[in-house]
Amino acid sequence: MMNGVEKTNGEDVATEEQLITPWTVSVASGYTLLRDPRHNKGLAFTENERDAHYLRGLLPPALMTQELQEKKLMHNLRQYEVPLQRYMAMMDLQERNERLFYKLLIDNVEELLPVVYTPTVGEACQKYGSIFRRPQGLYISLKEKGKILEVLKNWPESNIQVIVVTDGERILGLGDLGCQGMGIPVGKLSLYTALGGLRPSACLPVTIDVGTNNEKLLNDEFYIGLRQRRATGQEYAELLEEFMTAVKKNYGEKVLVQFEDFANHNAFELLEKYSPTHLVFNDDIQGTASVVLAGLLAALKLVGGALADHRFLFLGAGEAGTGIAELIALEISKQTKAPLEETRKKIWLVDSKGLIVSSRKESLQHFKKPWAHDHEPVKGLLDAVKAIKPTVLIGSSGVGKTFTKEVVEAMASINEKPLILALSNPTSQSECTAEEAYTWSKGRVIFASGSPFDPVEYNRKVFVPGQANNAYIFPGFGLGLIMSGAIRVHDDMLLAASEALAAQVKQEHFDKGLIYPPFSNIRNISANIAAKVAAKAYELGLASRLPRPKDLVKYAESCMYSPVYRSYR
Ligand SMILES: NC(=O)C1=CN([C@@H]2O[C@H](COP(=O)(O)OP(=O)(O)OC[C@H]3O[C@@H](n4cnc5c(N)ncnc54)[C@H](OP(=O)(O)O)[C@@H]3O)[C@@H](O)[C@H]2O)C=CC1
Ligand SMILES: CC(=O)C(=O)O
Ligand SMILES: [Mg+2]
């Protein structure tokens with residue numbers, strides 16, 4: 001197929017009573033063709049195409065291959081020293097020539113991921129009002145209440161397979177960025193295509209705007225969102241309900257809705273509410289859990305023992321922290337046959353008030369209650385490390401510089417090879433830098449972080465930090481769901497994705513101290529994750545695409561979008 005997972009829902013499904021949008025389909029040519037990012041090839045249009053499509057004179061005479069265009073653009077991008085300028089150049093390219101954008105991203109993934117994704121996308125969201133040029137997704141605000149189905153029909157594509165939606169309340173570790181959170185669904189979906197092979201036209205970025213509590217944005221004359229404080233309670237729930245209903249009605253049961261960067265007081269509730277009726281996935285809770293579990297499973301080769309032999313301590317007990325904790329407990333429970341209530345006891349979490357212990361249970365949010373184990377109260381992280389003596393320390397608080405020298409030294413005094421994951425994004429919120437982790441542990445730490453760090457030289461040895469980011473999981477996970485026609489997400493699919501990712505870590509990676517494979521091989525990794533997720537969907541009876549393809553890895557690869565230019569007749 002080589003052009004993305006095939007379309008799943010027919011276009012003419014409206015009944016006689018339903019209103020429809022009168023779309024016409026026409027062949028782009030001439031000036032319009034050059035301005036159409038999906039079909040534009042710039043100087044790569046051949047002589048024949050220039051004749052046949054009325055392009056003569058609209059282009060200078062030179063012809064360029066896509067490879068040469070790529071070389072030129074990479075050269076140009078590298079001239080920019082300011083990361084945000086690179087981001088804007090990439091967004092301009094996406095709006096000018098989509099295939100070239102994806103070719104660049106796929107072929108230079110390690111270099112360009114930090115540009116279109118964390119950390120730069122964080123800064124882009126903060127300044128989105130100033131850098132905004134063209135809308136790249138759908139904005140659904142309180143003003144659209146009662147009209148969301150119509151709004152969905154305004155989008156030029158009707159065969160949508162994945163929606164990434166945010167309400168902008170917890171953008172990375174940067175807090176409430178309101179409507180400017182749009183950079184996140186746009187960035188995540190560009191990875192769906194580049195890393196997971198979904199067709200760009202099948203991807204829909206959505207930002208739900210219910211206001212913002214960010215005073216700075218409310219007072220910013222360039223702010224692009226509703227200038228009011230956040231709607232909550234019934235008003236919020238009704239808008240979300242209308243959105244979820246409209247999405248299913250418009251795109252069918254098999255459209256995947258990925259919730260992204262919602263604040264935890266809504267995230268858990270939305271996931272619980274819509275899991276039974278929709279194909280939904282919360283990337284921050286579930287995708288992060290799967291990627292971290294994969295890293296831990298791989299790391300056992302370096303630190304020894306089984307997962308059940310380890311003790312885990314988290315700084316941060318929100319979506320990421322408790323999501324990961326629950327998946328670790330589930331995996332240990334599957335491996336040892338011990339009940340979840342028992343396996344959870346190997347896992348401890350610290351929130352802004354200190355260690356989560358049973359004496360705090362009454363006042364805890366519901367997602368923290370399972371982690372309130374018997375222990376005397378402990379205030380700070382350092383004391384918690386000393387009290388719990390974890391083998392694994394995971395940062396998921398969104399607060400930077402919290403893994404201090406004392407904390408890392410304490411981990412290194414307890415463990416020969418301490419495992420430390422600083423998950424918070426972007427780089428400014430990272431719990432510590434890679435250099436700090438290697439230096440303070442005297443080169444003994446196994447370290448990975450949510451945002452990328454360069455390799456570090458310590459004591460004449462080069463250490464390569466891995467990137468523990470859900471970007472390893474969600475593109476392949478989503479591909480697996482879509483190619484199998486899955487109708488629901490199941491926890492066992494998350495475990496399958498973790499195992500598939502962990503299996504991709506080879507000896508050469510372990511030798512460098514890595515617990516994740518490099519992103520340079522991500523499309524192959526995604527195909528393997530997709531195959532395992534799809535296999536699980538078939539096994540659980542949740543797959544609707546029948547018969548089941550025999551070789552799921554090959555099938556996944558055959559479904560993946562290729563950015564190579566097509567020839568026009
Ligand atoms: N690497 C990756 O793939 C991913 C990384 N992340 C990152 O994780 C971070 C957290 O995200 P998420 O879990 O969704 O956020 P939440 O808001 O759901 O959770 C944050 C948690 O951190 C706690 N916390 C805040 N400040 C402190 C502090 N000073 N000391 C101790 N605990 C503190 C909060 O405590 P309290 O409950 O008491 O307020 C809360 O439990 C973000 O930076 C995000 O970018 C998220 C998803 C994926
Ligand atoms: C990576 C991601 O999803 C986050 O930081 O929120
Ligand atoms: Mg996120």
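Counting starts at 1 for both ligands and their atoms, following the listed order. Please read these numbers as outputs of a predicted model, since none were measured by experiment.
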Under a 3.5 Å threshold, yes or no: a donor from one side chain and an acceptor from the other, between [X] and [Y]?
X: Gln467; Y: Tyr117; value: no
X: Gln161; Y: Tyr251; value: no
X: Ser333; Y: Thr343; value: no

Just checking, Arg344 and Trp371: is the charged tip under 6.0 Å from the six-membered ring centre and within 45° of the axis?
-> yes

Which ligand 1 atoms does [X] reach within 4.0 Å, using its non-hydrogen atoms?
X: Gly450; answer: 1 (N)
X: Leu315; answer: 31 (C)
X: Asn264; answer: 16 (P), 17 (O), 18 (O), 19 (O)
X: Lys368; answer: 36 (P), 37 (O), 38 (O)
X: Gly398; answer: 9 (C), 10 (C), 42 (C), 43 (O)

Determine, considering heavy atoms only, which of [options] sits nearest to [atom].
atom: atom 4 (C) of ligand 1; options: Asn425, Val291, Ile473, Thr118; answer: Asn425
atom: atom 7 (C) of ligand 1; options: Ser424, Gly380, Gly400; answer: Ser424
atom: atom 32 (N) of ligand 1; options: Asp351, Ile171, Thr322; answer: Asp351
atom: atom 47 (C) of ligand 1; options: Thr288, Ile356, Leu423; answer: Thr288

Consider ligand 1: state whether an atom of it lies below 4.0 angstrom from any non-hydrogen atom of Arg170.
-> yes

Among the heavy atoms of Asn469, does any lie under 4.0 Å from an atom of ligand 1?
-> yes

May I ask you to list the protein N, O or S atoms found at less than 2.8 Å from the Mg ion (ligand 3)?
-> Glu260 OE2, Asp261 OD1, Asp284 OD1

Mind checking whether Thr402 has an N or O less than 3.5 Å away from an N or O of ligand 1?
-> no

What residues come within 4.0 Å of ligand 2, counting heavy atoms only?
-> Tyr117, Arg170, Leu172, Lys188, Glu260, Asp261, Asp283, Asp284, Asn425, Asn469, Asn470

Do Tyr128 and Tyr223 have their ring centres less than 6.0 Å from each other?
-> no

